[in-house]
Trainee: 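Before I ask anything, here is the structure I am working with.
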Amino acid sequence: MTRDVKEIFARERGGPSGASGAPPAPAALAAKVRTLGPSMTRSMRRVAEAVAGDPAGCAALTVTGLAELTGTSEATVVRTARLLGYPGYRDLRLALAGLAAQQQSGRAPAITTDIAVDDPIADVVAKLAYDEQQTLADTAAGLDTVQLGAAVTALTAARRTDVYGVGASGLVAQDLTQKLLRIGLMAHAHSDPHLAVTNAVQLRPGDVAIAITHSGSTGDVIEPLRAAFERGATTVAITGRPNGPVTQYADHVLTTSTARESELRPAAMSSRTGQLLVVDCLFVGVAQRTYEKAAPALSASYEALAHRHRS
């Protein structure tokens with residue numbers, strides 16, 4: 001039976017943290033701004049960038065003062081606070097004060113991930129390592145554990161799991177299915193859009209379909225997820241855009257950090273780091289819940305390949 005797409009889309013527009021009901025911790029505020037920024041209106045983005053850039057200064061402002069500082073309205077300030085996961089502006093101010101205190105006690109290292117063509121290789125290593133660490137930290141801070149737990153529950157009980165992804169996201173889709181296969185679960189990765197759709201239309205309630213797309217707007221991934229959704233399968237979206245088109249057909253949305261793109265490192269490369277973290281969280285969660293079956297299956301797979309690693 002087809003579910004109400006509008007209802008699900010309205011639920012997701014409330015923001016990932018809305019499902020858990022608890023506002024994000026101060027340390028997660030900057031990560032939320034980076035993740036949600038691209039999906040905000042211009043006026044809301046000005047408010048978000050202001051609070052992330054100067055938490056101490058903004059914490060001292062009233063809602064009217066912040067609206068004047070950013071050239072917006074009080075309503076826009078309140079809407080931005082709610083989108084970031086806070087019940088109101090007062091809660092956002094408290095988080096800003098906490099973030100300012102944390103920054104004063106120990107600032108992050110002054111390093112930029114912009115890589116120049118003539119950078120020494122040691123600088124390239126340092127910048128990439130810092131970027132990877134920041135991506136992982138941002139993804140972990142913004143990941144809705146309620147949504148994650150629901151996705152794990154669905155995967156644990158699934159008769160079959162299909163995972164859709166193209167390009168760099170296709171590599172992540174393969175990684176997830178290989179992990180699930182090694183603990184004895186039925187899983188398939190699809191990077192060919194035709195095969196993805198023809199397999200998706202065979203799914204039914206009790207099956208799971210997962211779409212991996214950083215942009216949230218990859219048609220070759222959205223189409224099979226929609227087909228699976230309409231046939232009653234439980235659907236999951238792993239995306240860097242929590243309000244992107246793919247979420248219209250997702251029962252559960254797992255948000256990754258917005259990639260910091262550069263000329264030498266396009267978003268498709270850096271986004272994969274956050275996606276792999278989410279995939280590992282899904283796999284470990286499923287392995288925990290199916291440990292009695294998963295442990296022997298893992299041992300059997302290790303044994304089957306052991307002879308290939310002997311010298």
Side-chain angles (χ1 to χ4, degrees), residues 1-3 5 8-9 12 147-242 244-256 268 271-272 274-287 289-290 293-294 297-298 301:
M1 183 174 64
T2 302
R3 286 155 288 178
V5 174
I8 291 178
F9 186 58
E12 296 304 339
Q147 294 284 301
L148 178 64
V152 167
T153 298
L155 282 169
T156 300
R159 177 188 70 95
R160 162 183 162 185
T161 297
D162 277 14
V163 190
Y164 316 122
V166 297
S169 296
L171 300 176
V172 180
Q174 291 179 28
D175 182 72
L176 176 56
T177 56
Q178 289 174 15
K179 285 179 166 69
L180 295 176
L181 286 168
R182 292 192 70 170
I183 57 174
L185 300 182
M186 182 76 70
H188 306 279
H190 300 287
S191 57
D192 182 292
H194 292 176
L195 287 176
V197 172
T198 55
N199 276 271
V201 297
Q202 304 303 322
L203 298 180
R204 59 176 188 260
D207 296 330
V208 172
I210 300 176
I212 305 176
T213 163
H214 176 66
S215 69
S217 57
T218 306
D220 288 344
V221 171
I222 295 175
E223 187 179 0
L225 191 74
R226 177 178 182 173
F229 177 86
E230 291 176 344
R231 281 154 183 79
T234 299
T235 52
V236 180
I238 300 175
T239 178
R241 302 288 186 267
V246 72
T247 63
Q248 297 181 51
Y249 309 106
D251 295 310
H252 309 295
V253 178
L254 304 177
T255 306
T256 59
S271 65
R272 194 167 64 237
Q275 292 173 347
L276 287 170
L277 173 61
V278 174
V279 161
D280 280 351
C281 290
L282 284 171
F283 169 72
V284 172
V286 173
R289 298 194 190 185
T290 62
K293 294 181 179 179
L298 278 172
S301 67

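Values below: every heavy atom of this structure, side chains too, minus hydrogens, waters and symmetry copies.
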Trainee: Just jot down the salt bridge (Lys or Arg N to Asp or Glu O under 4.0 Å) partners of Asp220, sequence neighbours excluded, or say none.
Mentor: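 Asp220 satisfies salt bridge (Lys or Arg N to Asp or Glu O under 4.0 Å) with no residue once adjacent residues are dropped.
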Trainee: Measuring from atom NZ of Lys293 to atom CD1 of Ile183, what distance do you get when rounded to the nearest 0.5 angstrom?
Mentor: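 CD1 of Ile183 is found 11.0 Å from NZ of Lys293.
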Trainee: What is the minimum heavy-atom distance between Thr235 and Ala250, and which atoms define it?
Mentor: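 The answer is OG1-CA, 3.4 Å.
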Trainee: Would you give the length of the straight line joining atom OG1 of Thr213 to atom CD of Gln275, rounded to the nearest 0.5 angstrom?
Mentor: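 The OG1 atom of Thr213 sits 8.0 Å away from the CD atom of Gln275.
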Trainee: With rounding to the nearest 0.5 Å, note down the distance linking OG1 in Thr256 to CZ in Arg241.
Mentor: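 Those atoms lie 8.5 Å apart.
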Trainee: Starting from the C-alpha separation in whole Å, work towards a yes-or-no answer on side-chain hydrogen bond (donor to acceptor under 3.5 Å, both in side chains) for Arg289 and Thr153.
Mentor: CA-CA 8 Å; Arg289 298 194 190 185; Thr153 298; 2.4 Å; yes
Trainee: Apply the side-chain contact (heavy atoms from CB on, under 4.5 Å) test between His194 and each candidate in Thr198, Val197, Asp192; give the one that qualifies.
Mentor: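 In the set Thr198, Val197, Asp192, the residue that makes a side-chain contact (heavy atoms from CB on, under 4.5 Å) with His194 is Asp192.
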Trainee: How far apart are the C-alpha atoms of Val221 and Ser169, what are their side-chain angles, what is the distance that settles it, and do they pass the side-chain contact (heavy atoms from CB on, under 4.5 Å) test?
Mentor: CA-CA 10 Å; Val221 171; Ser169 296; over 6 Å; no
Trainee: Rounded to the nearest 0.5 Å, how far does CZ of Arg272 lie from CD1 of Ile212?
Mentor: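 Ile212 atom CD1 to Arg272 atom CZ measures 12.0 Å (nearest 0.5 Å).
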Trainee: How would you list, by chain and number, every residue that makes a side chain to side chain contact (heavy atoms under 4.5 Å, CB included) with Ala158, sequence neighbours excluded?
Mentor: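 If we apply the side chain to side chain contact (heavy atoms under 4.5 Å, CB included) test to Ala158, skipping adjacent residues, the hits are Thr161, Val208.
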Trainee: List for me each residue that meets side chain to side chain contact (heavy atoms under 4.5 Å, CB included) alongside Leu203, sequence neighbours excluded, and say none if there are none.
Mentor: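 Arg160, Asp162, Tyr164, Asp207, Ala209, Ala228, Ala233.
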Trainee: Starting at CG of Leu276, measure out to CG of Leu176 and round the result to the nearest 0.5 Å.
Mentor: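 The distance works out to 10.0 Å.
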Trainee: Using side-chain contact (heavy atoms from CB on, under 4.5 Å), reason through Leu282 and Leu254 one step at a time and then give a plain yes or no.
Mentor: CA-CA 10 Å; Leu282 284 171; Leu254 304 177; 4.0 Å; yes
Trainee: To the nearest 0.5 angstrom, please state how far the CD1 atom of Ile238 sits from the NE2 atom of His252.
Mentor: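 Nearest 0.5 Å value for the CD1-NE2 distance: 12.5 Å.
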